[in-house]
Amino acid sequence: WTLGKHATGPHFSPFIMSVEKGAALFKQRCAQCHTLNAGEPHKTGPNLHGFFGRKTGQAPGFAYSDANKEKGITWNDETLFEYLLNPKKYIPGTKMVFAGLKKEDERKDLIAYLKSATA
């Protein structure tokens with residue numbers, strides 16, 4: 001399954017996601033540590049441009065934890081949905097200090113925004 005305007009799959013029933021709400025969440029919860037556009041510098045966290053379809057720990061020039069480099073998953077809708085719930089549980093040993101987004105709708109909205117903003 002993939003997230004588009006409508007999502008289906010093990011964690012999703014059909015719904016319409018809000019890219020606008022996802023943009024607000026990114027600004028509030030993520031922008032302090034991450035950039036999105038090609039060529040922007042890394043901050044505390046890596047630049048996220050082009051990360052969908054890429055394996056963990058692969059943004060050039062960012063000093064990832066060994067745990068992140070060795071996780072070996074590819075970022076997609078499902079892996080990001082699970083990761084955003086509790087990053088330290090999904091990748092034990094990650095340097096990311098973000099506690100996660102417990103609300104499913106917030107994770108769905110953020111993923112919709114990230115897919116559009118990092119392509």
Side-chain angles (χ1 to χ4, degrees):
W1 58 271
T2 59
L3 293 176
K5 282 194 168 197
H6 300 280
T8 59
H11 301 290
F12 298 97
S13 57
F15 67 97
I16 297 175
M17 295 177 303
S18 172
V19 171
E20 294 77 20
K21 287 180 182 178
L25 279 167
F26 182 85
K27 185 176 180 181
Q28 295 165 357
R29 309 288 291 277
C30 312
Q32 183 175 343
C33 296
H34 293 282
T35 55
L36 298 174
N37 298 310
E40 288 183 320
H42 298 301
K43 291 183 174 180
T44 303
N47 175 294
L48 299 177
H49 182 78
F51 83 103
F52 276 90
R54 187 167 67 206
K55 289 198 178 289
T56 54
Q58 300 297 313
F62 186 77
Y64 287 95
S65 66
D66 288 341
N68 200 300
K69 290 187 280 190
E70 295 167 6
K71 180 68 175 179
I73 59 102
T74 299
W75 291 121
N76 60 39
D77 303 331
E78 189 171 80
T79 56
L80 189 56
F81 184 79
E82 189 173 341
Y83 177 75
L84 288 171
L85 174 63
N86 186 338
K88 288 193 177 293
K89 181 178 179 183
Y90 192 71
I91 302 179
T94 185
K95 293 190 292 186
M96 186 156 144
V97 296
F98 181 62
L101 292 172
K102 305 309 176 210
K103 296 179 181 175
E104 285 190 13
D105 286 347
E106 288 183 348
R107 284 181 278 149
K108 293 170 189 174
D109 291 341
L110 182 57
I111 291 167
Y113 172 68
L114 289 172
K115 283 189 85 169
S116 69
T118 63

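Numbers here are sequence positions counted from 1. From a predicted model like this one, the values you see are computed outputs, not experimental measurements.
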Taking all non-hydrogen atoms of both residues, which atom of [X] and which atom of [Y] are closest, and how far apart?
| X | Y | result |
| --- | --- | --- |
| Gln58 | Lys55 | CG-O, 3.1 Å |
| Ala67 | Gly93 | CB-C, 3.7 Å |
| Lys43 | Ala31 | NZ-O, 2.7 Å |
| Arg107 | Phe81 | NH1-O, 3.2 Å |

Any donor-acceptor pair under 3.5 Å from [X] side chain to [Y] backbone:
| X | Y | result |
| --- | --- | --- |
| His34 | Pro46 | yes |
| His49 | Thr35 | no |
| Lys21 | Glu106 | no |
| Thr44 | Cys33 | no |

*In the single-linkage hydrophobic clustering (I, L, V, M, F, W, Y; side-chain heavy atoms under 4.5 Å), do Phe26 and Leu80 co-cluster?*
yes

*Do the side chains of Phe52 and Leu85 join up, straight or via other hydrophobic residues, at under 4.5 Å, putting them in one cluster?*
no

For the residue pair [X] and [Y], establish whether any side-chain heavy-atom pair is separated by less than 4.5 Å.
| X | Y | value |
| --- | --- | --- |
| Lys108 | Asp105 | yes |
| Cys30 | Leu114 | no |
| Tyr64 | Thr56 | no |

*Describe, in one word, how the ring planes of Tyr90 and Trp75 are oriented to each other, choosing from parallel (under 30°), tilted (30 to 60°) and perpendicular (over 60°).*
tilted

What's the separation between atom [atom1] in [X] and atom [atom2] in [Y], rounded to the nearest 0.5 Å?
| X | Y | atom1 | atom2 | answer |
| --- | --- | --- | --- | --- |
| His42 | Leu48 | NE2 | CG | 10.0 Å |
| Ile91 | Asn86 | CD1 | CG | 11.0 Å |
| Asn68 | Lys95 | CG | NZ | 8.5 Å |
| Asn47 | Thr118 | CG | OG1 | 9.0 Å |
| Leu110 | Lys103 | CG | NZ | 14.0 Å |

*Tyr83/Met96 under side-chain contact (heavy atoms from CB on, under 4.5 Å): CA gap, chis, key distance, verdict*: CA-CA 11 Å; Tyr83 177 75; Met96 186 156 144; 3.0 Å; yes

*So Arg54 and Phe51, side-chain contact (heavy atoms from CB on, under 4.5 Å) or not? Walk me through it.*
CA-CA 5 Å; Arg54 187 167 67 206; Phe51 83 103; 3.3 Å; yes

*Quick one: do the Ser18 and Asp109 side chains pair a donor with an acceptor below 3.5 Å?*
no

*Check the surroundings of atom CD in Glu40: do more than 12 heavy atoms from other residues, nucleotides or ligands lie under 6.0 Å from it?*
yes

_Trace of the side-chain contact (heavy atoms from CB on, under 4.5 Å) decision for Lys115 with Asp77_ = CA-CA 9 Å; Lys115 283 189 85 169; Asp77 303 331; 3.2 Å; yes

*So, is the end of the Lys27 side chain (NZ or CZ) under 6.0 Å from the ring centre of Tyr113 and within 45° of the ring's axis?*
no

